[in-house]
There are 2 protein chains.
Amino acid sequence: MSELPVVQPPYRSAALLDYLARRMRLRTESALAPLGLRPRHLVALTMLRDTDSIAQQGLAEMLQLDGTNVVGLLNELEAQQLVTRRRSPEDRRRHIVELTQAGREKLAQAEFVLAAVEDYVLADLSLEQRGALFELLRQATASQFLHPTVECDAARTDTVGV
Amino acid sequence: MSELPVVQPPYRSAALLDYLARRMRLRTESALAPLGLRPRHLVALTMLRDTDSIAQQGLAEMLQLDGTNVVGLLNELEAQQLVTRRRSPEDRRRHIVELTQAGREKLAQAEFVLAAVEDYVLADLSLEQRGALFELLRQATASQFLHPTVECDAARTDTVGV
DNA sequence: AAGATGATTGGCACTACACAAATGATTGTT
DNA sequence: AACAATCATTTGTGTAGTGCCAATCATCTT
């Protein structure tokens, strides 16, 4: 199973991913607005659910977002009591970010609402296919949750020193 | 095989899609810059390759983009001779947009360059899985190519005739 | 002829960002 | 203890991507 015959025709997912994500985001925005959330909030909450607790910096790397913007994002989430920031016991400069119970519930609520959106945007996929897509997305992003710092060549060489 | 045990837990792809697309877009931007392209251009070119010819308005709907912005986007592409605008014979108000040969080549070139980016962003997926992902994305977006006018609520029934 | 439609241009507004600089709290080092 | 580095925060600046509105010209429909 390691023959890999190379399937290199028009085989690039980048544009399609961009396209589909945009379609999804457009619908998602309006569906989420009543909950006081925007897509970025949903992403952050999702990340936070999948990582028990994480330093604010780690979150920034995971989200590939500038540190200062993470502050603003968390301010918004904290204002709604969806996350908490507490000082790290080991290094009191750090803030450990965690999902609150309310945050968990809000996220579940948001996901419930999004079912309709996904049904619409992914209408051309069967249930099984949507499951497969979800699984692929989950797997493709899983390692970013665990060690977001894995940078490489094409990477920009900031924040390299740990 | 039609039992469908319903897997409805945290089963929403929207956030992951958003997240992965962002990761991809960040890398894509710098990889595409040397070619004088930005992600939006790539999406448009990809759409155009998959639709032999399309009215400018259809393109706007396909891209879910405001009409005036499509104009600007096409201006940029046309300035690089990647697409052509020609008057529709049936309705000379309309512009038919088509990929040029140069456009086709540029797109192929872009996709070649993007291989490295996808290898990086999708590093956690096997080749087979990337193929599966591509196929799912393609299928999920296919109908938008053919009849972008399919709106759920307000369905406008123009541009149907070829 | 009159009104609707497609493309175009220009302008205004807003969001999502990145980036830089300054501050306060804290840590680690010398 | 003094100093440098680090984390979070705030504020300010700049840019890209878009939506939306108004005006214009060409063209189609009635």
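All values below come from the heavy atoms of this structure, side chains included, with hydrogens, waters and symmetry mates left out.
By the 4.0 Å N-to-carboxylate-O rule, K106(A) lies too far from E111(A) to be salt-bridged with it.
Using a 3.5 Å distance cut-off with no hydrogens or angles, the side chains of R40(A) and N69(A) do not pair a donor with an acceptor.
Taking the C1' atoms of five terminal pairs at each end of the helix from dA1(C)-dT30(D) to dT30(C)-dA1(D), the two resulting helix axes are inclined by 20°, rounded to 10°.
Closest to the side chain of T68(B), from the set dT18(D), dA18(C), dT8(C), is dT8(C). Of the candidates dG19(D), dT9(C), dC17(C), dG19(D) carries the atom nearest the N69(B) side chain, counting heavy atoms from C-beta on.
Straight-line distance from the CZ atom of R22(B) to the C1' atom of dT15(C): 13 Å, rounded to whole Å.
Between Q57(A) and the phosphate of dC7(D), there is a side-chain N or O to OP1/OP2 separation shorter than 4.0 Å. Close to dG17(D), at under 4.0 Å from its OP1 or OP2, lies a side-chain N or O of R40(B). The side chain of R94(B) contributes no N or O atom lying less than 4.0 Å from OP1 or OP2 of dA26(D).
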Distances for protein N or O near nucleotides 28-30 of chain D N or O, under 3.5 Å:
| residue | atom | partner | partner atom | Å |
| --- | --- | --- | --- | --- |
| dC28(D) | OP1 | R92(B) | N | 3.1 |
| dC28(D) | O4' | R93(B) | NE | 3.4 |

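Residues R87(B) and L26(A) both approach DNA chain D. Their nearest nucleotides, taken by heavy-atom distance, put L26(A) toward the 5′ side.
Under the salt bridge (charged side-chain N to carboxylate O under 4.0 Å, His left out) criterion, R38(A) pairs with E76(A), sequence neighbours left out.
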